[in-house]
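Heads up: the structure comes next, in structure tokens.
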Amino acid sequence: AEELGLEHFAVLLSDHAERTLYTVASHGYENSGIGAEVALGDGVIGVAGRERTPIRITHMTGDVAYVRSALGPDTQGPGDAIPMPGLERPGSQLAVPIEDEAGLIGVIFTESPRDMAFTYDHEDALVTVASLAGRLLRGQAPAKEPARSADAESGRPAPQPGKPLA
């Protein structure tokens, strides 16, 4: 997150039965919001999850109430039991779905008080992070280099994981 300049972000996982996303981690907010829920389709986070596509807003209007009414609330979840962490007046927001071939796993969300804070490079980087997270959360290891058939120096077969060397 520091390498990308992300000061405020949250990770939400999908609860398919309830059609919600729930917060499992956050950074940079006064309150963690762990356990806060967002319904699929509500706000930037919920729409990114429902549509399974990144959403990048680079210039929020001065009237945040208008944006929230147009996109749906993204600071309160179903039942409002735990408030979703968020900036009072965000200038930019970016939400990227975490998914795999089986479907939606969650959403990575970041925001900034500055307008134009997120570029295509930020979006591409978070898409890559989300792809890796999707594989890891479903228990699949990221692609690795294929094992070499022979040790380059000795000409012996390369050791195979889980097999004895002798």
Side-chain angles (χ1 to χ4, degrees), residues 1-138 140 142:
E2 290 178 18
E3 292 81 11
L4 296 174
L6 306 180
E7 299 171 12
H8 304 91
F9 64 88
V11 176
L12 297 90
L13 295 180
S14 178
D15 180 341
H16 295 287
E18 298 294 323
R19 296 200 37 83
T20 61
L21 297 157
Y22 60 96
T23 308
V24 295
S26 70
H27 174 76
Y29 297 108
E30 189 173 315
N31 298 312
S32 74
I34 302 300
E37 296 180 350
V38 174
L40 285 177
D42 282 355
V44 175
I45 296 168
V47 172
R50 181 188 69 204
E51 299 301 320
R52 293 172 49 186
T53 190
I55 297 179
R56 181 168 48 96
I57 299 174
T58 58
H59 183 75
M60 304 282 284
T61 67
D63 187 356
V64 175
Y66 169 77
V67 172
R68 287 193 174 146
S69 69
L71 296 176
D74 65 348
T75 58
Q76 299 296 315
D80 298 332
I82 302 170
M84 181 69 193
L87 298 176
E88 186 174 324
R89 300 193 66 76
S92 304
Q93 294 182 327
L94 174 59
V96 176
I98 303 168
E99 56 187 328
D100 67 2
E101 57 279 343
L104 180 68
I105 297 171
V107 172
I108 298 173
F109 173 72
T110 185
E111 61 184 344
S112 172
R114 298 181 319 276
D115 287 340
M116 308 297 286
F118 305 119
T119 65
Y120 288 112
D121 290 338
H122 288 101
E123 185 175 329
D124 290 345
L126 282 185
V127 166
T128 300
V129 169
S131 175
L132 292 171
R135 288 180 175 183
L136 293 172
L137 288 169
R138 291 278 195 219
Q140 301 172 356

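We number each residue from 1, following the sequence as shown. Computation of the quantities below employed the complete heavy-atom set of this structure, encompassing side-chain atoms and omitting hydrogens, waters and symmetry-equivalent molecules.
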Interatomic distance, Asp115 atom CG to His59 atom NE2 [nearest 0.5 angstrom]: 4.5 Å
From Leu94 CG over to Ser112 OG, what is the distance, rounded to the nearest 0.5 angstrom? 11.0 Å
To check you understand the geometry: which heavy-atom pair defines the closest contact between Ser32 and Pro85, and what is its length? O-CG, 3.4 Å
Phe118 side chain reached by Glu123 side chain, heavy atoms, under 4.5 Å: no
Side-chain heavy-atom pair Ile98, Val11 within 4.5 angstrom cut-off: yes
Between Val129 and Val96, does a side-chain contact (heavy atoms from CB on, under 4.5 Å) hold up when you go through it step by step? CA-CA 9 Å; Val129 169; Val96 176; over 6 Å; no
If I take atom CZ from residue Arg89 and atom CD from residue Glu111, how far apart are they, to the nearest 0.5 angstrom? 12.5 Å
What are the two closest non-hydrogen atoms of Phe109 and Ala95, and how far apart are they? CD1-CB, 4.1 Å
N/O donor-acceptor pair under 3.5 Å between Ser92 side chain and Met116 backbone: yes
Quick one: which residue pairs count as a side chain to side chain donor-acceptor pair (under 3.5 Å) with a foot in residues 44-55, not counting sequence neighbours? Arg52-Glu99
Atom CG of Leu12 and atom OG of Ser26: how far apart are they, to the nearest 0.5 Å? 9.0 Å
May I ask you to test the Pro113-Pro90 pair for a side-chain heavy-atom distance under 4.5 Å? no
Just verifying a value: how many Å separate Ile45 CD1 and Thr23 OG1, rounded to the nearest 0.5 Å? 7.0 Å
Within this structure, what is the NE2-CZ distance for the pair His122 and Arg56, rounded to the nearest 0.5 Å? 10.0 Å
Where do Leu13 and Leu137 land on the side-chain contact (heavy atoms from CB on, under 4.5 Å) test, with the steps shown first? CA-CA 10 Å; Leu13 295 180; Leu137 288 169; 3.9 Å; yes
Do any N or O atoms from the side chain of Asn31 and from the backbone of Gly33 form a donor-acceptor pair under 3.5 angstrom? no
Considering all heavy atoms of both residues, which atom of Gly106 and which atom of Leu21 are nearest to each other, and what is their separation? CA-CD2, 4.1 Å
